[in-house]
Amino acid sequence: MFQAPRGTADHLPEEQKYWRYIESKAMDVAARFGFGRIDTPAFEDSNLFIRSVGEGTDIVEKEMYTFDDRGGDSVTLRPEGTAPVCRAYLEHGMHNLPQPVRMYYFCPVFRYERPQAGRFRQHHQFGVEVLGDADPSVDAEVIEVAWDLMTSLGLNEINLLINSVGDPQCRPAYVAKLKEYYSRHQAVLCDDCKSRLDRNPLRLLDCKVEACHALGNDAPQSAENLCEDCSEHWAKLISYLDKMQLPYQIDHRLVRGLDYYTRTVFEVQPVEGGGQSTICGGGRYDGLITELGGRETPGIGFATGLERLTLNLKRSEVSVPDEPSPKFLVANVGDDARIAALDLSVRLRRAGVGTILSSGTRGLRGQMRQANALNIPFTLILGDDEIEKGEVVVRNMESSEQESKSLEDFIAEASKSYGNGS
RNA sequence: GCGAGCGUAGCCAAGAGGCCUAAGGCGCCUGUCUGUGGCACAGGAGAUCACGGGUUCGAAUCCCGUCGCUCGCCCCA
């Protein structure tokens, strides 16, 4: 038997209401903030990600689905959504559009990782990007988009964490300071952190091992070590967020794994959550477009994982509307009735009325059982008697009341109440 | 890449060397009710007990290996 590849999942019909719910809320929010949708290819030139995400990152080092296509070009299944959007911005000369350009996307993303709760090799993200405006009010606005989405989804037990990681002006000095601080305490560091000291000093801050974590309390904080420009940007952002009354928390341990982030970074995390509980993460990336060969263009965005959102919707028992289901099931008994049933269901569906045609192979009883099991509100019954009189029996499955109606009257009535025009 | 746990029908699951031609429940199908659902009752279909090897007179059950799933670490949505 074949199985879905490790780390991938089928999203069965019964799951779809969560997806539809998230997508419709996300699209509402995006529209409200003036974002336009963009869809980019599932794979790109491998160098796009190597250049943007960063050569030393885990994503590039060990998580990319990279292969040579038949023409010999190295392509990579998109491991994140920002770089392709930036590529598209450049490719289509979007700097000629009114700035900033606001775009959102839904797409699958691929990373070769060990799957576990809330982590997959293929998952789906909704993300937004604002390109071409460096003002901190844009940061505040993007954070508002994220928060607006979370709250409109009905997620409550969540925290909004923000930080500033500086820019190429001030970060090297900060990282050096951090390294110096942790080096002094090297003896108590866990093994992972000892290697982080060289590899990725910022990550020392969010180590969960108690001894390391405690050290983080007194570690130098990046927001305290910004250059003048970054510092001013940070102060303005804070004041805007205050003005907007967004319930942010400054978390000086918040760092993000991709190289391209500058200045503002933020995440949304559930209050209760395990290792990979972050449901939304993003930040500013003012150097990315130049890295990709464009002229200097600031950018900021975030992404959320639909699987993790779904997990949280279920966990916090948010009630999600059911998928629309058909109003009628057409039951039929006998060969003539089957043809009449076929005709009736075609006419109803062409009028925009959701209708299931029973194949009639089961006997009336079985067909009604099916209507019941499928939660169809009305069963329509056609047999020899009805055909002779040009009628149809309409049974209300909830009240168990039923009546014969003229076929033509019924179709007109149903079209009016449940069809396109209703 | 490292560490841990678990694999018995579509799902949940009993079972701890012979009573297993594998219990029970959900779901599915059929009938009681030959043109009327939900409830009830009766019946039915559906399992090479993950796979391979070993121990034993005898293995779903013990041992080894493989594969798969889950959870954790790294890292991330």
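Per chain, numbering begins at 1; letters A, B, ... match sequence-line order. Just so it is clear, the values below take in all heavy atoms, side chains as well, and ignore hydrogens, waters and symmetry mates.
With B:rG68, B:rG37, B:rC73 as the choices, the nucleotide that has an atom nearest any side-chain atom of A:N372 turns out to be B:rG37.
Within 4.0 Å (heavy atoms only), A:I381 reaches at least one base atom of the nucleic acid. Nucleic acid contact for A:R256: sugar-phosphate only, since backbone atoms but no base atoms lie under 4.0 Å from a heavy atom of the residue. At the heavy-atom level, A:Q122 lies nowhere under 4.0 Å from the strands shown. Using a 4.0 Å heavy-atom distance criterion, A:G383 is classed as a base contact. Within 4.0 Å of A:E386, counting heavy atoms only, lies at least one base atom of the nucleic acid.
Nucleotide B:rG27 holds its P atom 12 Å from the CZ atom of A:R369, rounded to whole Å. Note: CD (A:Q116) to P (B:rG1) measures 15 Å, nearest angstrom. Protein atom CZ of A:R365 is 8 Å distant from nucleotide atom P of B:rU36, rounded to whole Å.
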If you apply the rule ring pair (Phe, Tyr, Trp, His ring centres under 6.0 Å), what do you find for A:F35 with A:Y104, and how did you get there? CA-CA 6 Å; A:F35 284 72; A:Y104 75 93; 7.4 Å; no

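Side-chain to base pairing of A:Q402 with B:rG37: no donor and acceptor N or O lie closer than 3.5 Å to each other. Put simply, the side chain of A:S400 and the base of B:rG38 share a donor and an acceptor less than 3.5 Å apart.
Across every strand in view, B:rG68 sits in a pair with B:rC6 that passes the Watson-Crick or G-U test at under 3.5 angstrom.
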